[in-house]
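Working notes for the structure below.
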Amino acid sequence: MIPVNFNNVKIKIKNIIEHKNLKLRDIGEFGWINRVRSRVLQGRSGILAGIGDDSAWIKSQGSLLITCDLLIENVHFLKDIHPPRLLGRKALSVNLSDIAAMSGIPQYALVAIGFPQDTELEYADELMEGFLEVAVEHKVELIGGDTTASEKLCLSITVFGKPAHKKPVLRSGAKPGDDIWVTGTLGDASLGFELLKKSQTGELDLSDFHHSSLLVKHFDPDPRVEAGIMLGKIANSMIDLSDGLISDLGHILEESGKKTTVKAEVYLDKLPISKDFKEYFKGNPLDDENGLSLVLTGGEDYELLFTAKQSSRSKILEFSRKLDLPISRVGRIKKGKKAEVILRDEKARKVKHPRLKFEHFPSQERQMT
Ligand code: ADP
Ligand code: MG
């Protein structure tokens, strides 16, 4: 509950019309909810009741995909430098990426926000602006949420969707002999984030920095919804890259290896790396310890990692052309004694893993693997 300061409302009555220089507390929780409600076109025929009642009421048929993600200030984003509009965009995009990874069509979203007491109304407005931009781009309808005051800015979004095909693509379908594929390029988002942190400590001047695509990948990832839908009939297993290639491929191996254990071989020279990433490292980024670590373990690329049988290769390359999105074949699933990712260089020699970069609840043992 954000308490309303009535004195302020009287004094700033003129400003209410202009919505300038106001704090969220000036209009209060319900003023804010009405404001969001007025910006949402609840046009979809499946919505029987959206924002404004105790629950949303949705017509539904068949199975549902449901996902939820939490973003917290200074854990997932640096509030001082993350523009609110882009934060709103990213908050929804990362959830759409989870629907994409199942080969789903996103439909509805709920947004729960904890705003610090002194949040400017303009800040909150821009955040919703970004959120609603992405919602419109992907035909997702905002059907409700929750608003509260909190010490740190936090955002939890839940998205509902439906499988694009008869069945969604699970993490558990990888089979020995499958190729391993990845959309887009690897490591850009985490390099972008590293550059931002450097700019905060004064090590890097962002106004001089020209590889803006790296920053965009961190600020405004593009969820691969269309690719996910196209790949739905072809991919045996799929996941979106939120934690980094090695970690996310590990999830596929774990889930797919319940009956017959499978391992993955990844060819380092086949990993897709963007021009700007290469330019930053001046030379082969995989020769640089940090470059290699960002490509293999840097998270938040929100690309799709999937496996498919070898006979699907030409179809996948055709999708890549249609989507105007690189899709690269980076390895192979094999039978194995344990679920492990083996890295090979261009001469097929084994390469040691760099340390995994990040876990929310790190344990020494896990970090060292
Ligand atoms: P309740 O107290 O019954 O949980 P609320 O007063 O929290 O209801 O919310 C009233 C309505 O506004 C509900 O339909 C809820 O889903 C919606 N809502 C609340 N916060 C938001 C938000 N940040 N964005 C969109 N809808 C919201
Ligand atoms: Mg509530």
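Counting starts at 1 for both ligands and their atoms, following the listed order. Numbering of residues begins at 1 and proceeds along the displayed sequence.
- Shown in contact with Gly144 at under 4.0 Å from a heavy atom are these atoms of ligand 1, numbered in order with element: 16 (O), 25 (C), 26 (N), 27 (C).
- A cation-pi arrangement is present between Lys79 and Tyr123 under the rule of less than 6.0 angstrom and at most 45 degrees off the ring axis.
- No side-chain heavy atom of Asn34 sits under 4.5 Å from any side-chain heavy atom of Ile27.
- Close approach to Phe30 involves these atoms of ligand 1, each under 4.0 Å from a residue heavy atom: 6 (O).
- Every atom of ligand 1 is numbered from 1 in the order shown, and the set under 4.0 Å from a heavy atom of Asp146 is 7 (O), 19 (C), 20 (N), 21 (C), 23 (N).
- Sorted by first and then second residue, the salt bridge (charged side-chain N to carboxylate O under 4.0 Å, His left out) pairs with a member in residues 327-337 read Asp179-Arg332, Glu265-Lys334; sequence neighbours excluded.
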For residues 47-60, which side-chain N or O atoms pair as donor and acceptor with protein atoms under 3.5 Å away, sequence neighbours left out?
none

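- Side-chain contact check for His82 versus Lys90: some heavy-atom pair is nearer than 4.5 Å.
- For ligand 1 and Gly52, the ligand atoms under 4.0 Å from any heavy atom of the residue are 11 (C), 13 (C), 14 (O).
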What do the steps show when you test Gln200 against Asp80 for side chain to side chain donor-acceptor pair (under 3.5 Å), and what is the final call?
-> CA-CA 10 Å; Gln200 275 207 319; Asp80 293 345; 4.8 Å; no
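- Looking at ligand 1, you won't find any N or O of Met128 less than 3.5 Å from one of its N or O atoms.
- Residue-level proximity to ligand 1 for Ile33 is carried by the side chain, the only part with a heavy atom below 4.0 angstrom.
- Only the backbone of Asp53 comes within 4.0 Å of ligand 1, judged by heavy-atom distances.
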